Amino acid sequence: MSHPRPLKVVILAAGQGTRMRSGLPKVLHPIAGKAMVRHVIAAAAALNSQKTVVVVGHGAPVVESALADLADAGVQFALQSPQLGTGHAVQMALPVLQPLPKDGQVLILYGDVPLIQPETLKALLQAAGDGVGLVTQHLDNPTGYGRIVRDAAGVVVCNVEEKDATDAQRKITEVNTGILCLPASHLEAWLAALSNNNAQGEYYLTDLLGMAVQAGIPVHTVSPQHDWEVAGVNSKGQLAALERIWQQHQAEQLMIEGVRLADPARIDIRGALRCGRDVSIDVGCVFEGSVDLEEGVRIGPYCVLRDVTVKAGAHIDAFSHLDQAEVGADAVVGPYARLRPGSTLGAGAHVGNFVELKNTRLGNGSKANHLAYVGDATVGERVNIGAGTITCNYDGANKHRTIIEDDAFIGSDTQLVAPVTVGRGATLGAGTTLTKDAPPDALTVSRVKQLSLTGWQRPVKQKK
Ligand code: UD1
Ligand code: CA
C-alpha cells in the first residue's frame, strides 16, 4: 500500500430535494438519528481529509448553522447559487479548497448519498493514485444514470449522461455513482474547460473523465463493497428504505460481535452501541447517543436507552425508558421504569414498575420497586423505598435535595418534603409527610392517630 496523498473532500449538497416534500433541506434529514450529510462528513474524516468543503445552495443558511459545530474539524462551506450542475458546484468550491496540494487528491462526495463507507473510499483513493478514480456500479436497470463508456480494450473513455446518450450507450449497464477522485494538480484547469453545451444545459462534473483520458491520464474504477453505499436519497420512501438497510447492517455487525438479538429486523441504533460478551437484546428496542452494555446485560422488549451505561449482569425489563443514566452491576430495572438524566443505580439496586428517578443516586442494594418518584435525591445502600413514595423536590421556585442514608426504610405513601434528611437506619411509617429531618435508627411517623368509634352506625338508605 503506497503512502496516502494529501486529501481534500468536496461534498455536493446544493440541490433542492423537491421530492422530500419538506421544509428541511434534504441533506439534513436523518439516517440513524444523524443528518445524512454528517454521515458523509464522518466518512471524509475517517480518510484524514485535510479540509472538507460542503457546497450549499438551497437552504444554505439552515445547512450551515446545522453543521456549525464542525468548523473546528475542518469543515467549510461554499455557496452555489444558482445550481448550474455538478461541475459548476465543484467550481464554486475551488476558492475554499485552495491551496491545492501538488501531489494531492480531491474526492467528490454527495450529501444525499449518506452511507458510503471509508473502506470503499480508501480503495478508490488507492486505485486512483495520481490519476482519476471513479466508483461505478453494474445495474440491471441503469435508467437515469450516467453510463461508463469503455473502449475495446475495456479502458474507460468517458461518461455519457442518459439524456445525451445514444441508444447503444443507453444499453450500457455500468453506471456512474458520481463518487470521484481527481488529481489536485489538474482540477483547476479541467474545471475551467467545462462547458454546458449538452442536453441539460448544465456543467457536468463527469466531463472531467473525458478530459483526463484526452490528457493521457487514466481513469481507474472501483465498485462499492455493498450496493447501498452508493444509494442516493430523493424521497421519504428512499430515506426509510436506506434507514432499514443501515439498521440491518448495524444489527449484523452486533451479531458478528456475539450479541444475541431476538430479531435483527427489530432494533434501532441511532448512535453508538457497544456491547460486552453475552449481551442479549429483545425486540423493539431503540438505542440513542452513546450506549454501553457490559457483559451479560439483558435488555427486555421495547426499551429506549439514550446515553446510558449498564454494568455487567444487569437486567432492563420490558418498556423501560432510560436517559443519561447509569445502571450498576446486577441491578434490575423495570418493567415500566423511567430513569431520567442524572440517575445512577448502584450494584444490585432494583427499580420497579412505574418508578421515576431523576438526578438521583440509588446506592448498592437499594430498592424502589413500585410506583414512586425519587428526584434530586441521594439514597444510600440497602434502603427500601415503599410504594407511593414521593420526593417533593420542587417548591414551585427551586429544587431541593433529599438525603436518605444507608439502611433506612421508607414506608409506603410517604412524602419527603425537601430539603430533608433521613438518618441511617431510620424507619418512616407509612403515610408520613416528612418536613423535618428524621433521626437515625428511630421510627418517625406523621399521621393523625388512629381512632375507632365503637357505637358508630352506618347510614341507611331512607325509604320513600
Ligand atoms: C449525476 C451524474 C450521473 C450519475 C448520477 C448518480 C453528473 C453530470 N451526472 O447525475 O452521471 O449517474 O449523478 O446519482 O454529475 N448538485 C449540486 N449542484 C448542482 C447540481 C447537483 O450540489 O448544481 C448535487 C445534488 O444536490 C446532488 C448531486 O449533486 O446531491 C447530484 O445531482 P443530480 O442532479 O441528482 O445528478 P444526476 O443528474 O442524477
Ligand atoms: Ca441533474
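Each ligand, and each atom within it, is numbered from 1 in the order the structure gives. Model, not experiment: these values are computed from the prediction.
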For ligand 1, is [X] a contact, meaning one of its heavy atoms is under 4.0 Å away?
X: V175; result: no
X: T206; result: yes
X: G232; result: no

Nitrogen or oxygen of [X] less than 3.5 angstrom from that of ligand 1:
X: G146; result: yes
X: T86; result: yes
X: N176; result: yes

[X] side chain vs [Y] backbone, donor-acceptor pair below 3.5 Å:
X: S49; Y: A44; value: no
X: S366; Y: A349; value: no
X: R147; Y: I172; value: yes
X: Q247; Y: I269; value: yes
X: D227; Y: A231; value: no

My understanding is that we take every heavy atom of each candidate and find the minimum distance to [atom]. Doing that for [options], which one comes out nearest?
atom: atom 19 (C) of ligand 1; options: G85, G111, A14; value: G85
atom: atom 38 (O) of ligand 1; options: Q80, E162, E161, Q83; value: E161
atom: atom 27 (C) of ligand 1; options: V230, V113, D112, L209; value: D112

Using a 4.0 Å heavy-atom cut-off, say whether Y110 meets ligand 1 through its side chain, its backbone, both or neither. side chain

Counting heavy atoms only, which part of L84 comes closer than 4.0 Å to ligand 1: side chain, backbone, both or neither? backbone

So if I count the atoms of ligand 1 from 1 in the order they appear, which ones are less than 4.0 Å from some heavy atom of [X]?
X: Y204; result: 8 (C)
X: L12; result: 22 (O), 24 (C), 29 (O), 30 (O)
X: G15; result: 22 (O), 26 (O)
X: A89; result: 18 (N)

Is there a side-chain contact between [X] and [Y] in this structure, where contact means two heavy atoms from C-beta onward sitting under 4.5 Å apart?
X: R260; Y: I281; result: no
X: M20; Y: L239; result: yes
X: L293; Y: L305; result: yes

Determine the interplanar angle of the F354 and Y336 rings, folded into 0 to 90°, and report it as parallel if under 30°, tilted if 30 to 60°, perpendicular if over 60°. parallel

How are the rings of Y302 and F319 set relative to one another: parallel (under 30°), tilted (30 to 60°) or perpendicular (over 60°)? parallel

